[in-house]
Participant: 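One structure is given below, represented as structure tokens, and several questions about it will come after.
All ligand and atom numbering here is 1-based and tracks the order in the structure.
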Amino acid sequence: MPLEGKVALVTGAGAGLGRSIAQCYAQAGAHVVVSDINDDTGAETVQLILNAGGTATYHHTDVSSPEESRGLVQFALDTYGRLDIACNNAGIAPPPTPMAEISTDLWRRTLSIDLDGVFYGIKAQVPAMLRNGGGTIINISSILGQVAFPGLAPYVAAKHAVVGLTKQIAVDYAAQNIRAIAVGPAFIKTGLEMALDEKTRAALDMAHPIERMGKPREVGEVVAMISADQWSFVNGAYLPIDGGYLSR
Ligand code: NAD
């Protein structure tokens with residue numbers, strides 16, 4: 001049990017990658033704080049973990065709110081007494097739109113969740129981790145944190161910035177035993193990916209050298225593994241989980 005006794009929070013854990021990451025954390029022995037804006041699906045994730053013999057509790061959190069991001073960390077401290085691991089996963093994908101036609105509203109809304117949300121999370125999580133001598137922050141970026149994709153300017157900009165924020169955590173806090181890794185999934189079959197049109201989705205399978213999209217579990221398992229203390233010297237890294245997508 002590589003995460004035995006650790007306390008881990010996951011944002012956007014009511015579906016997709018976040019749910020899988022929360023399940024894999026619990027399976028690895030962590031006490032998991034599941035958070036989302038959708039209370040029903042968040043509660044479902046908790047139930048799935050409890051049914052599998054794990055420990056988890058739910059707390060409503062909109063990551064685009066600095067107050068709610070602080071409230072989530074406080075909830076983890078009140079419930080389990082500490083915070084060891086935080087996975088900043090919540091994100092949205094905007095409808096594909098040529099860059100010059102993107103409204104400022106769409107730009108702001110995407111950045112408020114996909115980038116500001118990660119910053120608010122880090123800002124709240126770091127002081128709690130410092131209280132218990134360090135911790136691990138996993139930021140869910142994307143392959144689109146390394147390359148662009150037609151019509152996804154706000155998403156691509158946010159995901160590249162998340163890679164930068166991750167390096168910044170290493171530079172600012174490695175000496176205090178906080179480490180961070182940015183994870184770069186390729187296209188994974190989740191609700192977010194399903195928002196793409198059918199033609200794009202079919203083409204996406206073949207965009208991966210493995211000739212298929214990924215499964216949430218293929219991300220969750222890796223995230224749980226790299227959150228463990230055995231990975232203590234890996235800090236500020238970007239790790240693709242992409243079936244070879246970035247190798248072309
Ligand atoms: P999803 O849509 O399946 O799930 C996202 C979850 O986040 C939902 O439960 C939703 O309610 C929640 N959420 C939305 N806005 C929120 C907010 N403001 N605060 C808190 N929670 C919120 O998405 P997913 O595919 O599982 O994506 C999860 C993360 O993985 C995102 O950051 C996404 O960019 C990234 N990612 C996904 C893929 C993919 O192909 N699915 C690829 C690379 C990266």
Participant: Say whether Leu17, considering both its backbone and side-chain N or O atoms, lies within less than 3.5 Å of an N or O atom on ligand 1.
Facilitator: yes
Participant: Do any nitrogen or oxygen atoms of Ser64 come within less than 3.5 Å of a nitrogen or oxygen of ligand 1?
Facilitator: no
Participant: Can you confirm, on distance only, whether ligand 1 has an N/O atom lying under 3.5 Å from any N/O atom belonging to Ile188?
Facilitator: yes
Participant: Which ligand 1 atoms does Asn89 reach within 4.0 Å, using its non-hydrogen atoms?
Facilitator: 28 (C), 29 (C), 30 (O), 31 (C), 32 (O)
Participant: Please work out which of the three classes, parallel, tilted or perpendicular, describes the rings of Phe187 and Phe149, given edges at 30° and 60°.
Facilitator: tilted
Participant: Between Gly91, Gly117, Gly16, flag the one that comes closest to atom 5 (C) of ligand 1 by a heavy atom.
Facilitator: Gly91
Participant: Would you call Arg19 and Asp36 a salt bridge, taking side-chain N to carboxylate O under 4.0 Å as the test?
Facilitator: no
Participant: Given side chains that start at C-beta, do those of Ile49 and Thr55 come closer than 4.5 Å, heavy atoms only?
Facilitator: no
Participant: For ligand 1, which atoms, with element, lie under 4.0 Å from some heavy atom of Phe187?
Facilitator: 40 (O)
Participant: Is Asp62 close to ligand 1, meaning an N/O of one under 3.5 Å from an N/O of the other?
Facilitator: yes
Participant: If you take the nearest heavy atom of each of Pro216, Ala186, Ala90, which one is closest to atom 38 (C) of ligand 1?
Facilitator: Ala186
Participant: Which option out of Ile37, Asp36, Asp242, Ile140 puts a heavy atom nearest to atom 35 (C) of ligand 1?
Facilitator: Ile140
Participant: Is the shortest distance from a heavy atom of Ser141 to ligand 1 less than 4.0 Å?
Facilitator: yes
Participant: Treat each ILVMFWY residue as a node, draw an edge where side-chain heavy atoms are under 4.5 Å apart, and state whether Val126 and Ile181 are in one component.
Facilitator: no
Participant: Considering distance alone, does some N or O of Thr190 sit under 3.5 Å from an N or O of ligand 1?
Facilitator: yes
Participant: Give the contacting part of Thr61 toward ligand 1: side chain, backbone, both or neither, where contact means a heavy-atom distance below 4.0 Å.
Facilitator: backbone
Participant: Give the C-alpha distance, both sets of side-chain angles, the deciding distance and a yes or no for side chain to side chain donor-acceptor pair (under 3.5 Å) between Ser20 and Arg217.
Facilitator: CA-CA 6 Å; Ser20 182; Arg217 192 88 193 174; 5.1 Å; no
Participant: Considering both backbone and side-chain atoms of Asn38, is one of its nitrogen or oxygen atoms within less than 3.5 Å of a nitrogen or oxygen in ligand 1?
Facilitator: no
Participant: I want to know if ligand 1 touches Ile143 in the polar sense, i.e. an N/O pair below 3.5 angstrom.
Facilitator: no
Participant: Given salt bridge (Lys or Arg N to Asp or Glu O under 4.0 Å), test Lys189 with Glu218 step by step and report yes or no.
Facilitator: CA-CA 11 Å; Lys189 282 184 182 278; Glu218 290 177 303; over 6 Å; no
Participant: Please confirm whether Thr11 approaches ligand 1 to less than 4.0 Å, judged on its heavy atoms.
Facilitator: no
Participant: I need the Asp40 CG to Tyr58 OH distance, nearest 0.5 Å.
Facilitator: 8.5 Å
Participant: Quick one: which ligand 1 atoms are inside 4.0 Å of a heavy atom on Gly14?
Facilitator: 9 (O)
Participant: Does the pair Glu221/Lys215 count as a salt bridge with the N-to-O cut at 4.0 Å?
Facilitator: no
Participant: Going hydrophobic residue to hydrophobic residue with side-chain gaps under 4.5 angstrom, can you get from Ile143 over to Val156?
Facilitator: yes
Participant: Just to verify, what does Lys159 make a salt bridge (Lys or Arg N to Asp or Glu O under 4.0 Å) with, not counting sequence neighbours?
Facilitator: none
Participant: For a 4.5 angstrom cut-off between non-hydrogen side-chain atoms, does Arg201 reach Met213?
Facilitator: yes
Participant: Would you say Lys159 contacts ligand 1, with heavy atoms under 4.0 Å as the rule?
Facilitator: yes
